[in-house]
Amino acid sequence: MDVKSLPTIESIRFEGLNFAHEGYDPTLRACDFEFPTNSVVWVKSEEGAGKTSLLQVMAGLLIPQGGSYYLNERDVVPMSFEEFLPYRLKIGFTFDYGGLINNRSIFDNIVLPLNYHHLLSPADAKARVKDLIERFDLGKFQKERPAHVPGRVRKLAVLLRGLVTHPDLLLLDDPSVGLGDATQTVFTELLKELHQQGHVKHLFVSSHDERFMRLFHHEIVHLSAGLLYRQAAGAEKVVVNG
């Protein structure tokens, strides 16, 4: 797919959105919310309130039971897989240690989205991943399979695969878990570089790691009882959801 033909994600909002896992309280309850854009957003909630599910809805991995999810003022909820794909390719997501293919090397796992969707030539895709491997000093692990590398390397592979396509919208669930301080710093610097280059315009992070989040200038969005709230700087959380 021609990268230049993909839409640029500029705005993100929910309108009357409902989502619940069967047998559980709603994660989102008739939710009207305009998400902050062109910034780093720290998504906070009580344990088990649904931060991961919220990010999965935003990634298009979970389908709401009602309401609308607008990207660039287009409702993506009723779209077919083919219709949503151009937006999906501009969204990166990572969830814990999941998603790596066990019978492929660390290098092959990271390069997979570029090659599978033909977003770059094979040579350019290889060069991009090689740069990431060198930046994070993963050379000695790149030919190994996920089961044969330390947890830190697996976590890095998950994170790097989520951003290797240079998405507009990047959704990170507990990205700092399993990473050392030095690796966290290098990863943060990479995200800031990509943002300066016009990529990763909208970064949403679910985390309990206050120290990691202090590495960014960020806004805060709270998820509570199925509603979303935007917190003003230096203030208590502000209700913006009717």
Side chain proximity check, Gln231 to His222, heavy atoms < 4.5 angstrom: yes
Smallest separation among heavy atoms of Phe212 and Gln184, with atom names: CD1-OE1, 3.4 Å
Pairwise distance CZ(Phe93) to CE(Met58) - rounded to 0.5 angstrom: 13.0 Å
Validation row: Pro86, Leu6 side chains within 4.5 angstrom (heavy atoms): yes
Reported CD-to-CG distance for the pair Glu46 and Leu223, which is rounded to 0.5 angstrom: 10.0 Å
Side chain to side chain contact (heavy atoms under 4.5 Å, CB included) assessment of Leu160 paired with Phe136: CA-CA 10 Å; Leu160 296 178; Phe136 289 93; 3.6 Å; yes
Heavy-atom closest pair, residues His202 and Ile9: NE2-O, 2.7 Å
Under 3.5 Å: donor-acceptor pair, side chain of His195, backbone of Val200: yes
Which atom of Phe107 lies closest to which atom of Lys130, heavy atoms considered: CE1-N, 4.1 Å
Reported CD1-to-CG distance for the pair Ile110 and Leu138, which is rounded to 0.5 angstrom: 6.5 Å
Expected output: side-chain Gln196 to main-chain Glu193 donor-acceptor under 3.5 Å: no
Minimum side-chain heavy-atom gap Arg161-Thr94 below 4.5 Å: no
Heavy-atom neighbours of Asp131 CG exceed 12 at 6.0 Å: yes
Side-chain ion pair, Lys143 and Asp108, N-O less than 4.0 Å: no
Short side-chain to backbone donor-acceptor contact, Asp75 and Val77, under 3.5 Å: yes
Asn72 (side chain) donor-acceptor with Thr8 (main chain) under 3.5 angstrom: yes
Lys51 side-chain N/O to Lys44 backbone N/O, donor-acceptor pair under 3.5 Å: no
Whether over 12 other heavy atoms sit under 6.0 Å from Lys201 NZ: yes
Cluster check Val205, Val186: I/L/V/M/F/W/Y, side chain < 4.5 angstrom: yes
Close side-chain approach of Leu203 to Val41, heavy-atom, < 4.5 Å: no
Enclosure of Gln65 CD (heavy-atom neighbours >12, cutoff 6.0 Å): yes
Stepwise side chain to side chain contact (heavy atoms under 4.5 Å, CB included) test for Val221 and Phe204: CA-CA 9 Å; Val221 166; Phe204 289 79; 5.6 Å; no
Over all atoms of both residues, closest heavy-atom pair of Ala59 and Arg88: O-CD, 3.7 Å
Same apolar cluster: Leu170 and Leu89, side chain cutoff 4.5 Å: yes
Connected via hydrophobic side-chain network under 4.5 Å: Ile101 and Val153: no
Chi angles and distances behind the side chain to side chain contact (heavy atoms under 4.5 Å, CB included) call for Arg13, Glu73: CA-CA 8 Å; Arg13 71 181 176 92; Glu73 296 306 312; 2.8 Å; yes
Lys192, NZ: over 12 other non-hydrogen atoms inside 6.0 angstrom: yes
Nearest-0.5 Å distance, CG of residue Leu169 to NE2 of residue His199: 15.0 Å
His166 and Arg128, any side-chain heavy atoms less than 4.5 Å apart: yes
Check: His218 side chain, Phe216 main-chain N or O, donor-acceptor pair, under 3.5 Å: yes
Leu171 side, atom CG; Leu54 side, atom CG - distance, nearest 0.5 Å: 8.5 Å
Side chain to side chain contact (heavy atoms under 4.5 Å, CB included) between Asp209 and Val177, worked out: CA-CA 8 Å; Asp209 189 346; Val177 173; over 6 Å; no
Leu132 and Leu156, any side-chain heavy atoms less than 4.5 Å apart: no
Heavy-atom check, side chain of Asp173 versus side chain of Gln56, under 4.5 Å: no
For His21 against Ser53, the heavy-atom pair lying closest together: NE2-OG, 2.8 Å
Joint hydrophobic cluster, Leu28 plus Ile63, side-chain heavy atoms closer than 4.5 Å: no
N/O donor-acceptor pair under 3.5 Å between Asp124 side chain and Leu120 backbone: no
Heavy-atom closest contact (Gly139 atom, Ile133 atom, distance): N-CG2, 3.6 Å
Interatomic distance, Thr183 atom OG1 to Asp137 atom CG [nearest 0.5 angstrom]: 9.0 Å
Distance-only side-chain donor-acceptor flag, Glu47 / His208, under 3.5 Å: yes
Sidechain N-carboxylate O distance under 4.0 Å for Arg135, Glu189: no
With Phe14, the ring-ring contact (aromatic ring centres under 6.0 Å, His included) member among Tyr70, Phe33, Phe19, Phe35: Phe35
Side-chain H-bond candidate by donor/acceptor type, Glu219 with Ser39, under 3.5 Å: yes
Side chains of Leu172 and Phe187 in contact at under 4.5 Å (non-hydrogen atoms): yes
Same apolar cluster: Leu100 and Leu112, side chain cutoff 4.5 Å: no
